[in-house]
Amino acid sequence: SDNRIAVLVPGKIHPRVLERLGKQFDIVSVERDGGPKVDAETAARIRGVAVAGGFNAGWIDAFPNLEVIANFGVGYDGIDVKHAASRGIVVTNTPDVLNDEVADTAIALLLNTLRQFPKAESWLREGRWVKEGAFPLSPFSMKGRRIGINGLGRIGLEIARRLEPFKVKIGYHTRSPRDSLPYDYYPTLKEMAQSVDTLISIVPKTPETHKVINAEILSALGPHGVFINVGRGWSVDDDALITALGNGTLGAAGLDVFYDEPNVPTGYLSLPNVSLLPHVASASVPTRNAMADLVADNVIEWFAKGQPLTPVPETPVKPRG
Ligand code: NDP
């Protein structure tokens, strides 16, 4: 009906977002390929956006009466928040509801990388246990590791807490140290890489985090060293990582995220010492449902109360109306 507020959904989104928002808003679904294709009358009716996977300045400017952009995901690097802020548009993300899932995945990926469990399962399934005997011993173990976490925010802290019972040494690097934590703080990534043998990256995609995991950092981790990435592929120099894994400068790596998803550099696919996941860190039914609810609730709260639940720090929240 025409007096309902219109909410734009470009491309695909979790069905629960559509189901929840459809109860009180007019959902306008559009393809994301080739930019915004909406007639002027509809464009003028759009006051909210729910989106998974990016909303740039061109999209923002196609909607003159836009008030809120609700991003599905805690990382909102696909949204031009600076541009949204300049237009007084609020951007929201989905923090906290995925911390446990992503931290669990980081631990699982670390163990898979160290102990080669995915390869061991393939060994069984392919009948090699029967034909060739026991699966080869894993070269690495969790025991006695010194682990450095690059980024100790909401998710990084949950990863650190999960590492405690493994009796490993735990340190972290962020731009500013966090108060009263029992972990060693390193003011630079390089100092941390020199002091640990295992690096877990969980930093956002920002201009400052571009390819910070480079040849120098990887060689500091050493031949016994392991690199795990559950943050963003943007933070890694893939050529350097593929070279380091190939020539033994680095022991092994586990990656859930890539520079240009879903494209994975072919160099990784032929390496035996890398464990690869297709960006599944938060991808369980319960956690994705919680993320979908938070996207819907941000839009609902904005139009009901003029105050979204989880705005990002870059965009202003001034009461509506
Ligand atoms: P937070 O904002 O809570 O934490 C970010 C952390 O990174 C902070 O500790 C921050 O500390 C640190 N950081 C930011 N910039 C830098 C920098 N230039 N150098 C060093 N440290 C930096 O975010 P979350 O923990 O909620 O999420 C982190 C990221 O993880 C998301 O932005 C997303 O990209 C990614 N992610 C990936 C998922 C997956 O499916 N694989 C799922 C969920 C999230 P300080 O500001 O002091 O530097």
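We count ligands from 1, going down the list as the structure has it; atoms in each ligand are counted the same way.
- Among all non-hydrogen protein atoms, the one lying nearest atom 10 (C) of ligand 1 is Thr174 CG2, 4.3 Å.
- Residue contact check: Thr209 has heavy atoms under 4.0 Å from atoms 17 (C), 18 (N) of ligand 1.
- For atom 2 (O) of ligand 1, the closest non-hydrogen atom on the protein side is Arg154 NH2, 3.5 Å.
- By the 4.0 Å N-to-carboxylate-O rule, Glu19 lies too far from Arg16 to be salt-bridged with it.
- Atom CG of Leu250 sits about 12.5 Å away from atom CD1 of Ile242, to the nearest 0.5 Å.
- Considering each of His173, His210, Arg175, His279, the one bringing a non-hydrogen atom nearest atom 45 (P) of ligand 1 is Arg175.
- At a heavy-atom distance under 4.0 Å, no atom of Arg178 approaches ligand 1.
- Looking only at protein heavy atoms, the nearest one to atom 13 (N) of ligand 1 is Val203 CG1, 3.9 Å.
- Near Arg232, the atoms of ligand 1 lying under 4.0 angstrom from a non-hydrogen atom of the residue are 33 (C), 34 (O), 35 (C), 36 (N), 37 (C).
- Of all protein heavy atoms, the one closest to atom 38 (C) of ligand 1 is Val230 O, 3.6 Å.
- Ile27 and Trp59 fall into different hydrophobic clusters, defined by Ile, Leu, Val, Met, Phe, Trp and Tyr side-chain heavy atoms under 4.5 Å apart, directly or through other members.
- Considering backbone and side-chain N/O of Gly153, one or more are found under 3.5 Å from N/O of ligand 1.
- The atoms of ligand 1 that sit less than 4.0 Å from any heavy atom of Asp256 are 39 (C), 40 (O), 41 (N).
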Item to complete: Check the pair Arg145, Leu114 against side chain to side chain contact (heavy atoms under 4.5 Å, CB included), reporting the backbone distance first and the verdict last.
Response: CA-CA 11 Å; Arg145 292 232 151 228; Leu114 292 166; 3.4 Å; yes

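- Among protein heavy atoms, atom 42 (C) of ligand 1 sits closest to Val102 CG2, 3.5 Å.
- Taking the side chain to side chain donor-acceptor pair (under 3.5 Å) definition, one finds that Gln24 meets it with nothing, sequence neighbours left out.
- Close approach to Leu152 involves these atoms of ligand 1, each under 4.0 Å from a residue heavy atom: 9 (O).
- The closest protein non-hydrogen atom to atom 30 (O) of ligand 1 is Ile202 CD1, 3.2 Å.
- Nearest to atom 18 (N) of ligand 1 by heavy atom, out of Lys205, Glu208, Glu101, Met291, is Glu208.
- Using a cutoff of 4.0 Å between basic side-chain nitrogens and carboxylate oxygens, Arg45 and Glu41 are not scored as salt-bridged.
- Between Glu216 and Lys190 there is a salt bridge, with a side-chain nitrogen of the basic residue lying less than 4.0 Å from a carboxylate oxygen of the acidic one.
- Heavy-atom distances between Ser176 and ligand 1 reach below 4.0 Å in at least one pair.
- Aromatic ring centres of His224 and Phe140 lie closer together than 6.0 Å.
- With hydrogens left out, the protein atom closest to atom 12 (C) of ligand 1 is Gly151 CA, 3.9 Å, a heavy atom.
- The protein non-hydrogen atom at the shortest distance from atom 5 (C) of ligand 1 is Pro204 CD, 3.8 Å.
- The shortest separation from a heavy atom of Thr206 to ligand 1 is not under 4.0 Å, leaving the residue out of contact.
- Note on Val230: it clusters hydrophobically with Leu163, by side-chain heavy-atom contacts below 4.5 Å among ILVMFWY residues.
- When the shell of 6.0 Å around NZ of Lys12 is examined, it contains 12 or fewer heavy atoms from other residues, nucleotides or ligands.
- The parts of Ile155 lying near ligand 1 are both backbone and side chain, judged by heavy-atom distances below 4.0 Å.
- Residue Val257 has at least one heavy-atom neighbour below 4.0 Å for each of these atoms of ligand 1: 41 (N).
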Item to complete: Could you walk me through whether Glu191 and Tyr185 pass side chain to side chain donor-acceptor pair (under 3.5 Å), step by step?
Response: CA-CA 10 Å; Glu191 285 168 78; Tyr185 175 69; over 6 Å; no

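- Short contacts between ligand 1 and Ala281, defined as distances under 4.0 Å to a heavy atom of the residue, involve ligand atoms 39 (C), 40 (O), 41 (N).
- Ring geometry, Trp234 versus His210: the interplanar angle falls from 30° to 60°, so the pair is classed tilted.
- Between Lys169 and Asp197 there is no salt bridge, since none of the side-chain N atoms of the basic residue sits less than 4.0 Å from a carboxylate O of the acidic one.
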